[in-house]
Structure formats: structure tokens, C-alpha cells
Amino acid sequence: MEIKIFNNEKEIGEAAGSFYVDYINANPACVLGFATGASPVPTYEYIAESYKQGKVSLKNISTFNLDEYCDLPKDHKNSYFTFMCENLFSKTDINMDNVDFLDGNADPDEESARYAEAIKAKGGIDIQLLGIGRNGHIAFNEPGEEFTDEAWKVTLTQSTIDANSIYFDDVPMPHYALTMGIGSIMRSKKIIMIATGSSKAQAVRDMIKGPVTPMCPASILQQHPDVTVYLDTAAAALL
Ligand code: PGA
């Protein structure tokens, strides 16, 4: 793993964002796996601003996203699809026909098979962006007995519900989600992980220095050949 440490999340947004801009310019039809949550927002802001300034076009890229809530309409303000539209897609020239998302209201097994096939049909994911949960989860793969493979329906843990329920003010936060599995994430050719803040410090340490165990799902990234981790000083404090 390559570890990069920055002073704050703005610097991470500039560094990771400029990496994406250069990558997209060199590979205009690339396949990108995106993530939701607070961690990638400065990176998305940098990419959107670069588009506005005519420095990059997203019109030929294809995208997949890590996860989506179950039992929530796709266009609900708290869906992850809406999050991506608001934070990136609507601010760029991305072709929405090339945006694929897990459908949290579909049959989980059929949706998992469809997603795996769709990723394969695009030649796999070139770069998967990840955040990390306070408990070491990646996407919604929570600590557990074994590493998962393809997309599956997960029951969210209390830790995740506590972290995300602040965003839900009209409906209760869903307790289930569809998530890409650890196997689907590990098959990405490159992985970019972003973590900021002291609440992530222990999970970051476990991911990088701890044993590879499904009790810290992110620890599997030690076995991926091309991972770059962007940290602020607070998230890196226990390394
Ligand atoms: P965050 O979420 O970026 O909002 O901290 C990351 C995660 O839980 O995977």
C-alpha cells in the first residue's frame, strides 16, 4: 500500500482530484467505481471544478457505485444515487447512460448477478474509490466471520446506523443495503482509499498494520497489488 498523508481534507481533495483528472484525460473511456459519504466530497468538488474550467470531460467514462440503501426510492434525497448526482454527476458532462448503480429495491440475488455481469461487460473497474467506516468496514461490508464476494444484501450495524442516521430527517434510516462485496472491490485494478479525522484512526491502523481478518474488512486491502491511501494527519495518528 502507498500511504500519503496530508494536512487536511482540502489537500486530499486536490491531490486525489488531480490524480483522477489526469487519469481521465489519459483514459477518457475508463471505468470508475465511486463511493458516497463525506470522505470523497472534496475530491468530487475538485473534479467538478476541473470540468467547469474545461480541464477534463467525463462524457466517455463509465461508473459503478459501491452501495445503495434498500427500501428507499432511488430519487429520495438520501439515496446514494441522489448523493452522486448532487455531488458529481449533475456538475459534469457525464453520460447518465453509463452510470450504473445497485438497485436497493430489486431482488438481491438477481441484482448482484446483474451488477457483476455489468462490471465484467465493461472490462472491470479501473479505479475503485473507497472510504472506511469507524469499524473498518468498506462499502457496507461490516466486520464479520468471512470476507464476502459479489454484491449482497447487508443488515447494517448499529455503528453504521449511528454514523449515518444524522442525514435522515423525514424517514427512518434504512436498516438494509445492497453493497458490492469484498471480492468485487478486490477485483478492481486500482484502489484509492480516503480517510480523514480522528474517528478513523484506529480503523486505519487496523487496516494497514493489523492482521488480515474479516473482523476488519479493510485489512484485505493489504493483499491488493495497487492501493493508494490518502489520509489526513488525524486519521494517520496511530500509524
Ligand atoms: P464517511 O463514510 O466518508 O462519511 O466517513 C465512510 C464509510 O463509512 O465507508
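Read the numbers this way: they start at 1 and go in the same order the structure lists the ligands and their atoms. It should be emphasised that the depicted structure is a prediction, and the values quoted were computed from it without experimental measurement.
Using cut-offs of 30° and 60° on the angle between ring planes, the pair Tyr115 and Phe64 is perpendicular.
In this structure, Asp100 contributes its side chain and Thr63 its backbone to no donor-acceptor pair below 3.5 Å. At least one donor-acceptor pair closer than 3.5 Å links the side chain of Thr82 to the backbone N or O of His76.
Taking a heavy-atom cut-off of under 4.0 Å, ligand 1 is surrounded by Gly37, Ala38, Ser39, Gly131, Ile132, Gly133, His137, Lys200.
Applying the side-chain contact (heavy atoms from CB on, under 4.5 Å) criterion to Lys189, with sequence neighbours excluded, gives Asp126. Legend: residues meeting side-chain contact (heavy atoms from CB on, under 4.5 Å) with Ala234, ordered by chain and number and at least two apart, are Ser198, Asp232. Not counting sequence neighbours, the partners of Asn8 by the side-chain contact (heavy atoms from CB on, under 4.5 Å) test are Lys10, Glu11.
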